[in-house]
Amino acid sequence: MGGFRAASPLLLGAKADPCSPASVPALRVAMACVVASEVATVLAVMRRNVRWAGVRYGGGGGDGGVDDEHIEHPLIAGLQSLRRRAAAWGGTCRWRDEVDPLLYLRPFLDVVRSDETGAPITGAALLSLHKMLTLELVGPSAPNVAEAMGAVVDAVTGCRFEVTDPASEEAVLARVLQVLLACVRARAAPALANRHVCAIVSTCFRVVQQAGTKGELLQRVSRQTMQEVIRCVFARLPDLDATVVTDDKIGSCRNKGLGAEEIENGRSDYVCLNNSGDEVGTASGIVQDKAMMESFGVPCMVEILQFLCSLLNIAGDIEVNPRINPIDFDEDVPLFALGLINSAIELSASLIHRHPKLLAFVQDELFRNLMNFGLSMSPLILTTVCSIVFTLFYHLRHELKLQMEAFFSCVILRLAQNRYGASYQQQEVALEALVDFCRQKEFMAEMYANMDCDLQCSNIFEELANLLSKSAFPVNSPLSALNLLASDGLIAVIQAMAERANNAPRLHDQTVSEINEYFPFWQLKCESNNDPDQWVKFVNQQKGIKRKLMVGVEHFNRDKKKGFEFLQGAHLLPEKLDPHSVALFFRHTPGLDKNLLGDYLGNHDEFSIQVLHEFARTFDFKEMNLDAALRLFLETFRLPGESQKIQRILEAFSERYYEQSPQIFVNIDAALVLSYSVIMLNTDQHNVRVKKKMTEEDFIRNNRRINGGNDMPREFLSDIYHSICRNEIKTIPEQGAGCSEMSFSRWVDLMWKSKRTSTYIACDSCPYLDHDMFSIMAGPAVAAISVVFDNVEHGEVLTRCIDGFLSVAKLAAFYHLDDVLNDLVVVLCKFTTLLSTSYIDDPVTAFGEDTKARMATEAVFTVATTYGDHIRSGWRNIIDCILKLHKIGLLPARLTSDTADDQDSSDSLPSKLASSAATPPVLSVSAPKKSYGLMGRFSQLLYYDTEEPMSQPSEEQLVAQSNALETAKKCQISTIFNESKFLQADSLSDLARALIQAAGRPQKITSSLDDESTAVFCLDLLITVTLNNRDRIVLLWQGVYEHIAHIVQSTVMPCNLVEKAVFGLLHICQRLLPYKENLVDDLLRSLQLILKLDARVADAYCENITLEVTRLVKANATHIKSQMGWRTIISLICVTARHPDASDAGFEALGFIMSEGSHLSPANFVLSVEASRQFAESRLGSTERSIHALNLMSDSVNCLMRWTREVREAGGEADRILEGIAEMWLRLVQALRKVCTDQREEVRNHALLLLHGCLVVDGISVSSSTWLMSFDIIFQLLDELLEIAQNYSPKDYRNMEISLLHAVKLLCKVFLQSLRDLSAHSGFGKLWLEVLDMIEKFMKVKVRGRRAEKLKEAIPELVKNILMVMKASGILSKASTNENSLWEATWLQVNKISPLLQLEVFPDSEGDKVTQDEQNKLDTPTQSDRNAEQ
C-alpha cells in the first residue's frame, strides 16, 4: 500500500497525452491505483479504531436472514462502493473530463463531515483529499466541477471530529489548512464561488485563532497557510475581466456575511465570512446571495479585504485567552492582518484600478484603516502600514491623490518630528518610509505638481523637503541614524533632479500670464495631463495663484479688511465682493485663522449671513449621520462663544443638512434643535467642570417630539449619544493645515473632495518643474548635507555626500542659481582644510591622511572645472585653496600654459622665465620654502648651513604624501585657467578679480618672501587667463593693467614679482596686438609702465625688455597705427641707446622700423628719426653703427618724397598734408644737424654730407617760410662748428677744417637750391646778406691758430657761383637797384670776401646780360668743387 501511494504521483505526473495509445493504459492504471490506494488507507485507519474494527459485514448468512446490527456502516459502504466504481471507470479515456468529481470525492467528504470519526480518521480523509487536489484529479473542465469544489470547501470548513489528544487535533487542523490551500491553488479554483473563497479565508483565520492555544508549529503553519491563501486568491486578479459589481451586491455581501466582531478566542464553532456552508452556522442564517454565489471574482476579494480591515478595527475588543501565546496580542492581531493586506496589495495593486468596486474599497475603507494604524506605537505595525502605502503609491497614485496627501500630512510629517511626541522608533520608521518614497525618481516632482501646485492641498513637497533638511541636523547629540536617513533622502531627491536635468526637453512656455480679472479659479482644470505644454503651464499658474493666496491669508489673519483688499487687488476676489466667492475662499484656502473665520461667519450683517449660507452649501452631507456632519462642519472654523452667532451658524448647518438628508427630519427646525442638543451634549460630556454627566436616557428624553411632534428613532439618538461620548466634537479645531490627526469627519470630507479634485499629473524624466523645486530646497539641502559630511567618517557616507554636493552644483549651474553654487563652493572649500590658518608641522602628510579633506578638494575643483561659468564670489575661496596647495608644494612652480594653441610659449619668454616654466614639481616635505630675491637666497644658505639631518619619512607618511600628490593631480587645476576662454563673462571677471585680490596689494607683497611667492603665482595665473581670453580682453584689461601698474610703481629693487609683471605685460601686448585693433593704443600705452621702472629695476632687466620689445615690433609693426603707440615703442627703444647690454637689440628694432621705410609712417617718422639720432650720437656702439643710424635717417627722406608724390597723384586737399611732410623734413634736418657736431670725425662729416643730401633733395614741396627756417638751422650749425673749431681742443675734434669746408659748401648749395623759391620773398635780401656774412666768418676763421687754406681757396669760387646764378636769374642787377639796394649791399659784403669777384662776375665789356649757356655752366659744380668734396 505504501508503495502504491509513493508510485502514484510519478505516474500522474507524466506529461504524455492521455489519449495517446501508449499513455492510456498507464493513465488508467494510475488513476485506479490512486483511488484504490486512498480508499484502502482510510479504511485501514478506521479499522484501527475499536468502533469500526468490530463491525461485521452482511451479505447473507447461511440461513438467508439479515441482521440490522450487522449492516455495513454508510461511511465504509461508500468507500467500498468507490473502490468498485474506480475499477469500472478505468476504461474511460478522459477521467478528469468525463467523470463527475463528486463520485470519487463524496465518500471522503462524508468521512470529513462525520461526527462519529475521530481525529486520525478525519486526518486520513483530509490527506486523501489533499492528494487528489494536488494531483489535479479535479480538472477545470470536469463535469459539475463547481459543485465538486464547493462541496470540498463546505465539507472541510464544516469538518467535525472527535478530539482524542492535542497532537492529533493539531495534525487535523494542519491538514485542513493543507486542503483549503490546495483548493485555491488548484487549476479548478476558478470554479469556486465567491462564498467558498470567503469560507476558506474565514476557516483559515479560525485555525489561526485556535492555534494560539496550541503548539508553536501549528501557529506558524496556520499563519503561513493563510498568507498563501491570500496570495493565491489575489494572484488570480489578472485573470479576471474588469467587471462592475453593483453597490447593492457588495453591500449585501457585507451585511449578510459574518463579521469579524463575532470571533472569539478559543471558540469551538467554526466561523466563516459568509454563513453559506452546508453545516456552517445555523440553518436560519443561511443566505444565498447572488453575488457571492457567482464564480470566483472581485466580490470575494472585496469581502476578504473588508474582513481583514475589520480585524484591525476590533483587535482591541477581542477577549484574550489566558492560555494564548505570550506574543503581545495588541500588536499581533493588527500586524497579522496588515501582513495579509500587504500580501494581497502586493499581488493585485497594479490591476485594482481596472475594478471599480475594489478600487473604491481601497480608496476609502482600506486607506482609512491604514491611516488609523499609521500612528501606532508599534514599529512593526508602522513599518507594515508604510509598506502597504508605498505599494499603493507605486501602482495607484493616480487614484489616491488626496489619500496620499493625508498620509504624508497626518502620518509621516507627524511621526517624523519629535515635537508631536513620537518615539525614536516611530521617527526612524517614518523617515525610512519617506526615504523609500524619495528614491522613486519622480516622487518629489509629482508631489510638487499635484500637492504644492494644487490650491486645496498642502505644500507636501516643501514640507517633506524641510523635514529632511531639519532631520539631518543632530540636536545636542552626535550624528544618529535618523540624521543619516534624512541625508540619504535629500541626496536621493537631488540626484533624481540632476538625472532629469540630463533629459532637458525643448523649452516649454512656462511664463504665466498675470490675472487681470477675477474668474472662478477654484474650478480650473487642466486641459490635458498628458501634454507637458498644457499641464506645466497649468501647474505654474496654480502655483502662482497659491502663492498670492498665501500672502492674502497672512493679510487676512492680521486684518480682514486688508486681506480682502489685497485679494481684490490680485484679482483673486471680484472687485465687488459676492457671498459665493468669499465662501469659496473660506472653504478651500488653508491657513486661515479659524477664530477670525468663526467670528466672521457668525456676524449679523446681511452680507456675512449670505456668506455663511454659501459656505454651508460647499459641504456634502449626503449619507452622513448628524454628528459626523456637524463634526465636519465645525472643524473648518472655531464656533464662536456668543449664543446669537451660534444660532446663525447652526441654522445654516441645519438648512444644508436637511436639504441633503430630508428622509431623517420632517423640517429644518428638527435638525436645528437636534444640532443644538448635540452641542450641549458635547459640552456636558467633555467639560471637566461638569460633574454630573448626562445619561443616554436624559439625552433621549431631552429630544422627545422634536421631529414635527414625533420622536426621533431611539437607535438614531442612541448612536449619536455614544458617538459624542466616545469622540468629542472639537469646537476649538487645530489651527493651520497638516500634521493633525485624521478624524472620521475629515476623512469623509476628504472622500468628497477626492471626487472633485483635479486629476493626478504623472511626471516623466524631464525637468519641467525642477527649477522651482530646487530653488526651494537648495539652501537647506546644502546645509544639511554639510552637517552630515562634517560629522561622519564612514567612507560610503562621505561618498554619498560628495555625490550630493556635485548634484547640487550641477542643478545650480543648470538653473543659473549662482548664489547656490557659490555657497556650495564656500562650504566645500571649508572642508578641504586648505583655508585653515592654524600651523601644521607637516601639511602635506596631514592633507594626505585626511580622506574627507581630499574628497572635498577633488569635489571643489570638479565644480570649478565643470561649472565655472556660474561661479562668482566663490572664485576667491578656490584661488585660496590653489595657493595653499602651491605653498605646500603640491603644485608646480608654473601651473599653466598661456594658451592651448601656444606650443612655443616658453620660447618667447626670456631665459629666466623659460627656465622656471620647465621646472618639474618637486615635493620635499622638510625642505625650506622657495625664496625669491637676494635676501631670500641668503636666508636659504643660512638655513642649509644650520639644518640638522632630517629623519626619513615613515611608510605611512610616504603613502600620505602620495595620496596628496594624486589628489592634486586629479583636481586638474590647470584646466581652470587654460580653458578660461570658455567661461562666461561675469565668471571670468570674478576669476580675474579673485586672482588680483589673492595676490594682495603691493605694500603687502613686499612684506615677506611667502607673500612674494603668492603674488608671483597669482600674477602668472592672471596673465594666463588674460592671454587665453584675447577675444574678451576688454573685460579683464583694466584690472590687469592696474594690478601690474601697482607692482611696477611700488617696486624699487629687482625681484621675481616685478620681472613677472614686466615681461607678462610685454607678452600680453605681443600676443594681443594682432587681434585687438580697438585696444592697440591701450595695450601700447600700458608699456609706458616700463618707462616708470625704478632705475635699478630697469637696469637689471633692460636687455630682456629690449629683446621682448624687438619681438613685439617685428611681429606687430603693421598693427601699430597711432602716434601714441609708436611713441611708447620708440621711447622704449631710445632708452636702450645708452645701455651697454641692450643697445644692440634696441638698434635692431629701430633698424627693422626704418630700413627701406617699410614700417615708417607719418605717425612714427619724427619719433624714428629722433631715435636714430640718439643711436647715432651714442658712443656705446661702434662708429659703423652710428653711420648706419645716420644712413637710416638719410634714407627716410625717400619716404617723404614717396608720400609727396602719392599726395599729388591723389589730388584733393593736399596742401595741409604737404605742409605736414615739409614739417617732417624739417625735423629730419634738425636731427641731422645735431649729429653734425659729433666729436667723431667720420660721424660728423658723414652727417654733414647726409644733411646736404637731405637739404638739396628734389621731390618735396618746401615753402619759402620753411626754407627760411632751414637756413636758421644751418646758421645755427655753422655757428656751432665755428665755435668748436676755435674753442675746443683738436684732440676732441679732429680735422675740423674739412668739416668747416663741408659746412660752407652746404650753405652755398642750399642757398642755390632755394634761390628760386626765396628770391621773391620779402626777407630774401636779409637772408642773402646773412649768408654772405656767414661765409665771411668762415673766410676769416683760424683752425689751430692759423687760417684754413682750404676754406680760403674754396669760398671765393663758391661765392662766385652764387653771384653768377643770381646775375643770370636777374636777382642781382645794377639797373634795377637804387643806392641802398641789394646791389650795393651785396658788393659791400662780397668785397670783404674777395674784391675781384665783382669784375669777374660783371666785367664792363659784357654788361649785365648773360647767356643761358653760361647760366647752366655756373649751375654745374666746378672740378675744383668736386675735388674739394672728395
Side-chain angles (χ1 to χ4, degrees), residues 12 31 34-35 38 78 82 89 94-113 122 125-159 175-207 225-226 228-237 239-240 253 257 270 272-280 286 288-301 303-304:
L12 287 172
M31 300 299 287
V34 169
V35 174
E38 298 308 317
L82 174 61
W89 294 333
R94 297 184 177 273
W95 175 298
R96 282 174 285 192
D97 296 337
E98 298 179 1
V99 177
D100 186 350
L102 281 175
L103 295 178
Y104 52 85
L105 291 178
R106 191 178 300 278
F108 298 98
L109 299 179
D110 292 340
V111 174
V112 171
R113 283 185 295 210
T122 303
L126 289 171
L127 187 60
S128 297
L129 288 173
H130 177 259
K131 182 175 180 181
M132 293 179 184
L133 292 172
T134 303
L135 298 180
E136 298 183 0
L137 268 71
V138 182
S141 58
N144 205 20
V145 63
E147 183 179 354
M149 293 297 294
V152 173
V153 174
D154 291 339
V156 175
T157 55
C159 175
R175 288 174 182 172
V176 166
L177 294 173
Q178 289 179 345
V179 174
L180 294 178
L181 179 58
C183 288
V184 295
R185 278 181 173 175
R187 291 173 54 199
L192 289 170
N194 287 317
R195 71 181 185 89
H196 293 130
V197 178
C198 294
I200 291 172
V201 174
S202 176
T203 303
C204 289
F205 181 72
R206 275 192 296 158
V207 174
T225 301
M226 190 166 182
E228 290 297 325
V229 168
I230 296 296
R231 290 193 184 101
C232 291
V233 170
F234 283 88
R236 294 194 178 274
L237 187 62
D239 300 331
L240 302 178
C253 297
Y270 291 110
C272 302
L273 289 171
N274 291 293
N275 297 334
S276 55
D278 293 342
E279 297 181 15
V280 178
I286 299 177
Q288 300 295 335
D289 183 83
K290 183 178 179 181
M292 298 305 291
M293 296 302 295
E294 292 177 355
S295 299
F296 189 177
V298 172
C300 71
M301 297 182 185
E303 188 69 17
I304 290 171

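When reading the values below, keep in mind they use all heavy atoms of this one structure, side chains included, and skip hydrogens, waters and symmetry mates. Given the structure is predicted, the values throughout are model-derived calculations rather than measurements.
- Between C159 and T122, some side-chain heavy-atom pair lies under the 4.5 Å cut-off.
- The distance from atom CZ of F205 to atom CD1 of I230, rounded to the nearest 0.5 Å, is 11.0 Å.
- Side-chain atoms of N194 and E303, non-hydrogen and from C-beta on, never get closer than 4.5 Å to each other.
- At a threshold of 4.5 Å between non-hydrogen side-chain atoms, the residues D110 and R106 count as touching.
- In this structure, T134 and A182 approach most closely via the heavy-atom pair OG1-CB, 4.4 Å.
- The two residues S128 and E38 have their closest heavy-atom pair at OG-OE1, 2.7 Å.
- Residues M301 and V233 are in side-chain contact: their nearest non-hydrogen atoms beyond the backbone lie under 4.5 Å apart.
- To the nearest 0.5 Å, atoms CG (L109) and CG (L102) are separated by 7.5 Å.
- When all heavy atoms of Q178 and H130 are compared, the pair lying nearest together is O-CD2, 3.3 Å.
- Annotation: salt bridge (charged side-chain N to carboxylate O under 4.0 Å, His left out) contacts of R231 (sequence neighbours excluded): E228.
- For the pair V156/T203, no side-chain contact is recorded, criterion being any heavy-atom separation below 4.5 Å from C-beta on.
- Side chains of L180 and M226 form no contact here, defined as non-hydrogen atoms less than 4.5 Å apart.
- Checking I200, V184, V197 one by one against C232, the side chain to side chain contact (heavy atoms under 4.5 Å, CB included) holds for a single residue, V184.
- Taking all atoms of both residues into account, the shortest heavy-atom contact from P107 to G78 is CG-O, 3.7 Å.
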Contacts table for residues 146-153: side-chain donor-acceptor under 3.5 angstrom, sequence neighbours left out:
from	atom 1	to	atom 2	distance (Å)
E147	OE1	N144	ND2	2.6

Test log, rule side-chain contact (heavy atoms from CB on, under 4.5 Å), inputs M132 and V179: CA-CA 10 Å; M132 293 179 184; V179 174; over 6 Å; no
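- Between the Y104 side chain and the L137 main chain, a donor and an acceptor come within less than 3.5 Å of each other.
- Between V229 and C204, the shortest heavy-atom contact is CG2-SG, 3.9 Å.
- Side-chain atoms of V145 and P140, non-hydrogen and from C-beta on, never get closer than 4.5 Å to each other.
- In this structure a side-chain-to-backbone donor-acceptor pair under 3.5 Å is missing from S202 to C198.
- Shown here for V207 and L177, the closest heavy-atom pair between the two residues is CG1-CD1, 3.6 Å.
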